[in-house]
Amino acid sequence: DGEQDFKVPIWGKTVVVKLFKKPVDVGSKAGNVTIYKINSPKKGDCGESSCPAAVAHFPETVGGYKEGTCASVGYSLPDGEQDFKVPIWGKTVVVKLFKKPVDVGSKAGNVTIYKINSPKKGDCGESSCPAAVAHFPETVGGYKEGTCASVGYSLPDGEQDFK
């Protein structure tokens, strides 16, 4: 996408920076992409909407949205729609809401959750909690459903009580 001169701070020298863009097929830049965000605009749900591909980086960068669908992250049970007024932009968009399907047996059982660098930096902490309340550590504490082994942490490093 061309070149640009860039003056390096502190060093004071000017270097030429080559500029590149991500390759996109011709039709996609003019089209729409699907974006989603968990717990937005409704806690416990995944909100999914569509926006022009050319501006998708704004909700992704500023709003924490990700490109993809709610179904791709396990939220596939439709839970209605909600109007959402986009801050700064001021326009209202329709957001489709989805919940995670839960089978009857697991709601009463436990799920395994994990978090990297918790409670000890460099480790992955894994625990079990009731499925009915797993959304609290996931929403508030940044935990994810799954195991440490599923993200490459497979060597045991002891146990620790965590309040």
Side-chain angles (χ1 to χ4, degrees), residues 1-6 9 17-119 124-148 150-152 162-163:
D1 194 35
E3 294 182 348
Q4 183 175 335
D5 290 342
F6 176 74
V17 178
K18 293 180 181 179
L19 305 172
F20 299 89
K21 288 191 185 293
K22 280 186 174 181
V24 286
D25 57 298
V26 177
S28 74
K29 208 164 194 184
N32 287 339
V33 295
T34 302
I35 57 172
Y36 73 92
K37 185 175 181 181
I38 298 171
N39 291 319
S40 178
K42 181 179 170 188
K43 277 229 184 285
D45 279 7
C46 176
E48 178 180 299
S49 192
S50 155
C51 74
V55 296
H57 61 282
F58 290 115
E60 291 170 359
T61 307
V62 178
Y65 283 80
K66 295 182 177 163
E67 190 171 331
T69 64
C70 289
S72 70
V73 289
Y75 290 77
S76 58
L77 188 63
D79 193 33
E81 294 182 345
Q82 184 174 328
D83 288 344
F84 177 70
K85 188 170 184 177
V86 180
I88 302 169
W89 192 32
K91 294 192 180 187
T92 300
V93 297
V94 175
V95 178
K96 294 178 186 173
L97 303 173
F98 297 89
K99 287 195 172 301
K100 273 190 174 182
V102 181
D103 65 329
V104 178
S106 73
K107 202 163 200 180
N110 288 334
V111 295
T112 303
I113 57 173
Y114 73 92
K115 185 175 181 181
I116 297 171
N117 290 324
S118 177
C124 177
E126 179 179 297
S127 189
S128 175
C129 74
V133 296
H135 63 280
F136 290 115
E138 290 171 357
T139 304
V140 178
Y143 283 80
K144 295 183 177 164
E145 194 170 322
T147 64
C148 288
S150 70
V151 289
F162 185 68
K163 289 185 177 181

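We use all heavy atoms of the structure for the numbers below, so side chains are in, but hydrogens, waters and symmetry mates are not.
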S72 side chain to G68 backbone, donor-acceptor under 3.5 Å: no
Run the side-chain contact (heavy atoms from CB on, under 4.5 Å) check on E60 and I35 step by step: do they pass? CA-CA 8 Å; E60 291 170 359; I35 57 172; 4.0 Å; yes
Is there a donor-acceptor contact under 3.5 Å from the side chain of S49 to the main chain of V94? yes
Do N39 side-chain atoms and G44 backbone N/O form a donor-acceptor pair below 3.5 Å? yes
Polar side-chain atom of E48 near backbone of C70 as donor-acceptor pair, under 3.5 Å: yes
Could you check if a side-chain atom of L97 sits within less than 4.5 angstrom of a side-chain atom of P41, using non-hydrogen atoms only? yes
Between atom NZ of K91 and atom SG of C51, what is the distance when rounded to the nearest 0.5 Å? 12.5 Å
Minimal heavy-atom distance between V95 and G47, with the atoms involved, is CG1-CA, 3.4 Å
Distance (rounded to the nearest 0.5 Å) between K100 NZ and E145 CD: 4.5 Å
For residues Y36 and V73, report the shortest heavy-atom separation together with the two atoms involved. OH-CG1, 3.3 Å
Between F98 and D45, is any pair of side-chain heavy atoms under 4.5 Å apart? no
Could you go through the salt bridge (Lys or Arg N to Asp or Glu O under 4.0 Å) check for K42 and D79 one step at a time? CA-CA 10 Å; K42 181 179 170 188; D79 193 33; 3.1 Å; yes
Say whether, by atom type as modelled, one donor and one acceptor occur between the side chain of K37 and the main chain of G64 under 3.5 angstrom. no
Distance-minimising heavy-atom pair for C46 and Y75: CB-CG, 3.4 Å
Please say whether more than 12 non-hydrogen atoms of neighbouring residues, nucleotides or ligands are located less than 6.0 Å from NZ in K99. yes
Rounded to the nearest 0.5 Å, how far apart are CZ of F84 and OG1 of T92? 9.5 Å
For the residue pair S76 and P78, what are the closest heavy atoms and their distance? O-CD, 3.3 Å
Scanning both residues in full, the closest heavy-atom pair of V33 with A53 reads CG1-CB, 3.8 Å
